[in-house]
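Report on the following structure.
Values in this document were obtained by computation on a predicted structure and should not be read as measured data. No hydrogens, no waters, no symmetry mates; every other heavy atom, side chains included, goes into these values. Just so it is clear: chains get the letters A, B, ... in the order the sequence lines come, proteins before strands, and each one is counted from 1.
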Number of protein chains: 2
Amino acid sequence: MTRSRRERLRAETAREIKTIALKLMAEGGPDAISLRAIAREMGMTAGAVYGYYATRDDLITTLVGEVYTDLVDTVEAARDARPADDAAGRVQAWAGALRTWALANPQGFRLVYGDPVPGYRPPEGGPGAAARARACAGLTALIAAAWPHARAAHGHTSYQWSDFGEELGAHVRAEHPGLPPEAVALALRTWGRMHGLLALELYGHLSPVAFAPGALYRDEMRDLIRSLGLVPPVD
Amino acid sequence: MTRSRRERLRAETAREIKTIALKLMAEGGPDAISLRAIAREMGMTAGAVYGYYATRDDLITTLVGEVYTDLVDTVEAARDARPADDAAGRVQAWAGALRTWALANPQGFRLVYGDPVPGYRPPEGGPGAAARARACAGLTALIAAAWPHARAAHGHTSYQWSDFGEELGAHVRAEHPGLPPEAVALALRTWGRMHGLLALELYGHLSPVAFAPGALYRDEMRDLIRSLGLVPPVD
DNA sequence: GCATTTACTACACGGCGTTCAGTTTCCATA
DNA sequence: TATGGAAACTGAACGCCGTGTAGTAAATGC
């Protein structure tokens with residue numbers, strides 16, 4: 001059962017490829033991830049990498065999954081550092097951790113949410129989809145906690161469960177019985193609201209016109225929390 | 001004064017290069033813009049293009065400017081189709097035109113707001129900056145019209161003019177005397193709010209989990225308009 | 001008519017993803 | 001422990017790419 005020496009070496013090499021790829025990405029952005037550069041850094045030939053990843057997009061897909069998972073781990077941990085009954089604090093913690101992570105890993109943000117690479121199109125399933133599902137579920141949980149206060153302002157729209165992905169809908173109905181699809185819509189809108197300013201900032205569209213992006217984001221998140229019927233924390 | 005035949009031909013060729021570049025982009029995304037492909041399409045050599053644009057990034061920069069300008073023209077036109085005293089309608093028109101344009105020109109949206117191309121970094125000045133300035137000014141004008149209703153909810157944050165770009169600040173103070181910097185902050189937050197869901201949708205992050213992105217965007221914009229102290233139009 | 005400027009070609013360089021035939025290295029089994 | 005076979009890797013190639021540079025053909029201005 002213990003993996004053979006060959007398998008261990010193989011796993012180690014695959015790991016090293018990913019590590020170097022992430023290093024190259026951190027230094028030069030997602031486009032700097034080239035199989036040739038990775039091979040060069042490892043003292044190998046470009047062709048050798050094909051023994052581990054069938055194509056460059058396969059490697060990118062794996063990286064997207066890992067980075068996305070790291071992001072979701074981070075925001076979930078920040079959220080769980082607040083008590084479960086502090087709905088506003090948990091939203092704020094999630095949002096704050098998201099920006100902190102994004103500023104610390106700008107290229108990772110681009111990898112996950114941008115055009116990872118020239119012609120890259122994310123595959124349907126895969127690790128990226130799992131991380132995204134976790135993110136959507138996490139956001140919906142935040143909204144579920146706030147829903148008693150938010151329903152007055154956001155319960156009048158009309159959505160059906162069929163407006164959302166099979167998996168997400170099933171998860172929400174199992175995890176939050178009685179929560180209407182309107183709440184999922186609000187969760188996804190919340191996602192967009194967190195994403196907007198961050199994307200503008202990280203792609204350099206904000207810096208020429210605004211020198212205090214952190215304040216903008218903080219106020220936007222406060223407004224979001226207020227819009228959920230909650231009271232924004234003072235810190 | 002009338003431009004010589006040489007100059008006319010030259011301008012025509014430069015125009016053709018841009019047109020073909022936009023066609024390639026519409027077909028295969030911003031990364032499909034390659035000087036060799038353009039030259040091939042024109043029956044020229046790749047090197048010949050260098051007579052018109054010093055580098056590929058120069059061409060990209062020009063395209064970003066043109067596409068961005070087209071976008072701003074579009075949203076401004078939609079806004080101006082509503083009466084000047086219909087603040088809510090003008091916000092809605094702007095937002096609606098933005099999404100319509102983005103769905104009609106998805107690759108243009110990516111060109112302007114994403115990583116236009118592998119190692120591309122937008123230059124400081126240039127046509128893109130001018131279009132962005134127009135967009136920010138337009139958004140601020142929308143907020144200025146709503147400010148009497150919005151100030152109660154959004155006037156308590158603290159910003160200074162130095163928190164914003166020189167040019168933007170000067171423009172706003174000239175155009176909207178008495179408008180505080182908090183309104184500019186609100187305008188930029190509004191920009192982010194419009195951008196977020198759109199970016200998620202156009203980069204394919206929404207489609208696996210939400211099948212009614214238009215409804216999400218509509219409701220988000222309604223909420224935005226309400227948050228500005230205005231009454232969302234019914235249409 | 002001629003000299004100059006302009007537009008363009010042809011070619012080269014290095015980098016990229018990807019493929020493939022051939023070689024080396026390691027492991028399990030006889 | 002020797003050997004057969006699999007796995008890992010090399011080296012070279014193909015066709016893309018951006019970008020220079022030297023040379024050529026044509027249009028222009030005097």
Exercise. Treat primed atoms plus P, OP1 and OP2 as sugar-phosphate and everything else as base, then score nucleotides 17-30 of chain D 5' to 3': B for base contact with protein heavy atoms under 4.0 Å, S for sugar-phosphate contact only, - for none.
Key: BBB-------BS--
Quiz item: Taking the six-membered ring where the residue is Trp, are the ring centres of A/Phe109 and A/His195 under 6.0 Å apart?
Solution: yes
Self-check item: All pairs passing side chain to side chain donor-acceptor pair (under 3.5 Å) where residues 39-49 of chain B contributes a residue, at least two apart
Solution: B/Lys23-B/Glu41
Quiz item: Can you pull the contact range of chain B along DNA chain C, 5' to 3', using atoms under 4.0 angstrom from its heavy atoms?
Solution: C/dT5 to C/dA12
Quiz item: Quick one: A/Met42 CE to D/dA8 P, roughly how many Å, whole number?
Solution: 13 Å
Exercise. Write out all pairs satisfying ring pair (Phe, Tyr, Trp, His ring centres under 6.0 Å) with one or both partners inside residues 15-40 of chain A, taking only residues at least two apart or from two chains.
Key: none
Quiz item: If you look at every strand shown and take non-hydrogen atoms under 4.0 Å, does B/Tyr52 touch a base, only sugar-phosphate, or nothing?
Solution: sugar-phosphate
Quiz item: For B/Tyr68, what residues pass the side-chain hydrogen bond (donor to acceptor under 3.5 Å, both in side chains) criterion, not counting sequence neighbours?
Solution: B/Tyr113
Practice problem: Taking the side chain as every heavy atom from C-beta outward, state whether A/Val67 and A/Asn105 have any atom pair closer than 4.5 Å. | Solution: no
Self-check item: Partner set under side-chain hydrogen bond (donor to acceptor under 3.5 Å, both in side chains) for A/Asp163, not counting sequence neighbours
Solution: none
Quiz item: Can you tell which of B/Val72, B/Val75, B/Thr74 makes a side-chain contact (heavy atoms from CB on, under 4.5 Å) with B/Trp101?
Solution: B/Thr74
Practice problem: Kindly check if the number of other-residue, nucleotide or ligand heavy atoms within 6.0 Å of CD (A/Glu27) is above 12? | Solution: yes
